[in-house]
Visitor: 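After the structure tokens below, expect a handful of questions from me.
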Amino acid sequence: MCGIIGYIGNKNSIPTLIKGLERLEYRGYDSAGICTIQNQRLKNLKVKGRISGLKKNLEFKNLEGNIGIAQTRWATHGAPSKINAHPHLDCKGEIAIVHNGIIENYQALKDILEKEGHKIVSATDSEIIAHLIEKFYQGDLERAVMRALKLLEGAFGLAIIHAKEPKIVVVRKGSPLIIGKGSNEMFVASDAAALLDQTRKVVYLQDNELATVTANSFSVKNLDGKEIEKEIEEIKWTAGQIEKKGYKHFMLKEIFEQPQALENTLRGRIKEKKIKLSLNLDPNSIKRIVLIACGTSWHACLVGKYIIEKLTKIPVEVDYASEFRYRNPLVASQDLLITISQSGETADTLGALKEAELKRAKTLGIVNVVGSTVSREVDSGIFLHAGPEIGVASTKAFTCQLTALTLLALYFQQEKGISPDKEILEELKNISKKIQLILKEADKIKAVAEGFTENKNFLYLGRGINFPVALEGALKLKEISYIHAEGYPAAEMKHGPIALIDKDMPVVFVATRDQTYNKILSNIEEVKARKGRIITVISKEDSKIEELSDFIIKIPETNELLSPILNVVPLQLLAYYIADLKNIDPDRPRNLAKSVTVE
Ligand code: M6R
């Protein structure tokens, strides 16, 4: 969602704030703003649109100050506009806040504040925070914030400054916040990516913690004012990892990083045909597994169900995190709840995790971002080590999630006294090289994309373990190219979607050789008979499907349980090239943000 950054130190804050905002832009990009303290007065500059617009603004030249806060916004309440952009100020223009999250009771608070004479100018839920702090301010910012917090309901990461106080107060409740420690300077941010150019030393705030940060120190308290000791931790990612490195977009870079990312997920986890995972749980005590996530990570869950059930015979259910959390789910202490999340900060996923914890289920997280909330909350976890994923459309995280799920299933086999599946163990050694072979065909996939930039609809069909790949292919296309696309189990086509098929409907089949091969072949015939345009992802040497197809993308042979890892790659590229040919920036698709930290 929104990205926030703050600086306090002996330098001009502007370059650091701008760099930080640029690093955070993937979290939201509809408006941006900066507020600094200059000679005990606030200087606030906001623009509609991207950070590049903020930098071009003429007033920007006069902005300086060695304390400042800034935000890049993804609108929740109030349209993207200059007035709704953050930072928001109180009536006197002495208090400035930046906010990531949602204030659920803002309307009630707004009514009270307006009755008391506060003039609220924006349509956001956030502005009332500045006014509420103003209401309680009596010369001590931290104390005023503490009092305001007692009235705020919802989720927030906040950074607050007062023109007369050389400090930044930050609060975390439901939205991530970290403090970065430099030498004679400190930083605050919603995401480690914002700090990578400045420091590696960070402190992760937990929910219901407030910190007061000065140029040389920080103190953390709970919301009752009790001091809390915090550990300084080290970020392992480097600034170089979050550069485009010659690629036109982060998404393309991340697609091409998949061979290396998968190697990193596997590294050190298979030794002498044994799976090495240090998990705090006994698979023999697990009666049922529930996999929960959102978006692409939910598609990984669907693939995970096939892999885990096939290899371990433990029953697996899959649920959307947002549905699971509100339906009083039946989970108990013999259930294992596995949450999958690239960011580890998705609000719905965190909500579902809390629900499972309340019901005493064991929990395990498959997460990319080290230090993220999911990774801290779960009983055990597997980090993907995929490196930072900046493109809003998830790519390498997905294939690494599938790899981690495979490792987990093999680990469960082993801990249940069965030798981990030898063929899969062997094939995992080759999987990165096979992705590389697919990536070498990128130009051919681009040539396919050229024929589909004008289409308004797409169907993606797959069966069995490749049905979720069809869903993922459709999601990739719709989120970055704005073409309506639906994923379906291929056999379901004749129960409805077949009515849509005519010469203008492209149908992408994920049809590599597996146990349902003959069935999907019939489904392709059905589309052919109705003159649909057929794009197929097929195994090498498949002349039968080749003959039926208008376009083919060939995939190296692999074990069926690993086939989604390969089959999704051409679909990622197809979506990328269609978006790029339509001149859409796939790293910043409209209305989307990388990490959805609101419900
Ligand atoms: O960080 P998470 O894996 O929890 O994110 C879940 C979804 O928000 C995410 O996968 C989203 O669907 C992506 N835009 C997909 O490309």
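One-based numbering, in listed order, for ligands and for the atoms of each. Because only heavy atoms are used, hydrogens play no part in the values below, and waters and symmetry mates are left out as well, while side chains stay in.
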Visitor: Determine, using heavy atoms of Lys476 and all atoms of ligand 1, whether some pair is separated by less than 4.0 Å.
Guide: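 Right, Lys476 reaches ligand 1.
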Visitor: Which protein heavy atom lies closest to atom 8 (O) of ligand 1, and at what distance to 0.1 Å?
Guide: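 Its nearest protein heavy-atom neighbour is Val596 CG2, 4.0 Å.
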Visitor: Atom 5 (O) of ligand 1: which protein heavy atom is closest, and how many Å away?
Guide: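 Heavy-atom neighbour on the protein nearest atom 5 (O) of ligand 1: Thr346 OG1, 3.4 Å.
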Visitor: Tell me whether Thr349 has any N or O atom under 3.5 angstrom from an N or O of ligand 1.
Guide: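 Min N/O separation from ligand 1 is not below 3.5 Å for Thr349.
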Visitor: Do Asp587 side-chain atoms and Met251 backbone N/O form a donor-acceptor pair below 3.5 Å?
Guide: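 Confirmed, Asp587 side chain pairs with Met251 backbone.
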Visitor: For ligand 1, which atoms sit closer than 4.0 Å to a heavy atom of Ser343?
Guide: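 Matching atoms, with element in brackets: 1 (O), 2 (P), 4 (O).
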Visitor: With heavy atoms of Ser297 as the reference, note each atom of ligand 1 found under 4.0 Å away.
Guide: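 Atoms satisfying the 4.0 Å criterion: 2 (P), 3 (O), 10 (O).
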Visitor: Working to the nearest 0.5 angstrom, can you tell me the gap between Lys434 NZ and Leu262 CG?
Guide: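 Answer for the NZ-CG pair, Lys434 versus Leu262, is 13.0 Å.
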Visitor: Write out the residue and atom name of the closest protein heavy atom to atom 15 (C) of ligand 1, then the distance separating them to 0.1 Å.
Guide: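 Minimum-distance protein heavy atom for atom 15 (C) of ligand 1 reads Thr296 OG1, 3.0 Å.
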Visitor: Are Tyr576 and His249 close enough that a side-chain donor and a side-chain acceptor fall under 3.5 Å?
Guide: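 Side-chain D/A pair, Tyr576 to His249: present.
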Visitor: How far is atom 14 (N) of ligand 1 from the closest protein heavy atom, and which atom is that?
Guide: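 The answer is Glu479 OE1, 2.8 Å.
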Visitor: Checking side-chain polar atoms at under 3.5 Å, does Thr512 have a donor or acceptor matched by the opposite partner on Asn567?
Guide: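 Looking only at side-chain atoms, Asn567 and Thr512 do form a donor-acceptor pair, the distance falling under 3.5 Å.
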Visitor: Is it the case that the side chain of His86 and the backbone of Arg73 share a donor-acceptor pair, with hydrogens and angles ignored and the cut-off at 3.5 Å?
Guide: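 It does not hold such a pair.
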Visitor: Going by the atom numbers of ligand 1, which of them fall below 4.0 Å from some non-hydrogen atom of Ser394?
Guide: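 Under 4.0 Å from Ser394, ligand 1 has these atoms: 15 (C), 16 (O).
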Visitor: Does a side-chain N-to-carboxylate-O contact under 4.0 Å join Glu389 and Lys396?
Guide: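 No salt bridge links Glu389 with Lys396.
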Visitor: Measure the CD1-CG distance between Ile555 and Leu566 for me, rounded to the nearest 0.5 Å.
Guide: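 Ile555 atom CD1 to Leu566 atom CG measures 6.5 Å (nearest 0.5 Å).
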Visitor: Return yes when Leu592 approaches ligand 1 closer than 4.0 angstrom through a heavy atom, no otherwise.
Guide: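 The answer is no, since Leu592 has no heavy atom less than 4.0 Å from ligand 1.
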Visitor: Which residue and non-hydrogen atom of the protein lie closest to atom 12 (O) of ligand 1, and at what distance in Å?
Guide: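 The closest heavy atom on the protein side is Gly295 CA, 3.3 Å.
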Visitor: Ignoring hydrogens and geometry beyond distance, is a side-chain donor-acceptor pair present between Thr363 and Glu377 at under 3.5 Å?
Guide: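 Not at all, the side chains of Thr363 and Glu377 share no donor-acceptor pair under 3.5 Å.
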Visitor: Need the ligand 1 atom indices (1-based, order shown) with element for anything under 4.0 Å from a heavy-atom of Ala393.
Guide: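 That gives atoms 16 (O) of ligand 1.
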Visitor: So, are Glu450 and Lys446 salt-bridged, with charged N and O less than 4.0 Å apart?
Guide: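 Looking at Glu450 and Lys446, the cut-off is not met.
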Visitor: Which of the atoms of ligand 1 are close to Val392, meaning less than 4.0 Å from one of its heavy atoms?
Guide: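 Reading through ligand 1 atom by atom, the close ones are 13 (C), 14 (N), 16 (O).
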Visitor: Could you find the nearest protein heavy atom to atom 6 (C) of ligand 1 and give me its residue, atom name and distance?
Guide: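 Ranked first by proximity to atom 6 (C) of ligand 1 is Cys294 O, 3.3 Å.
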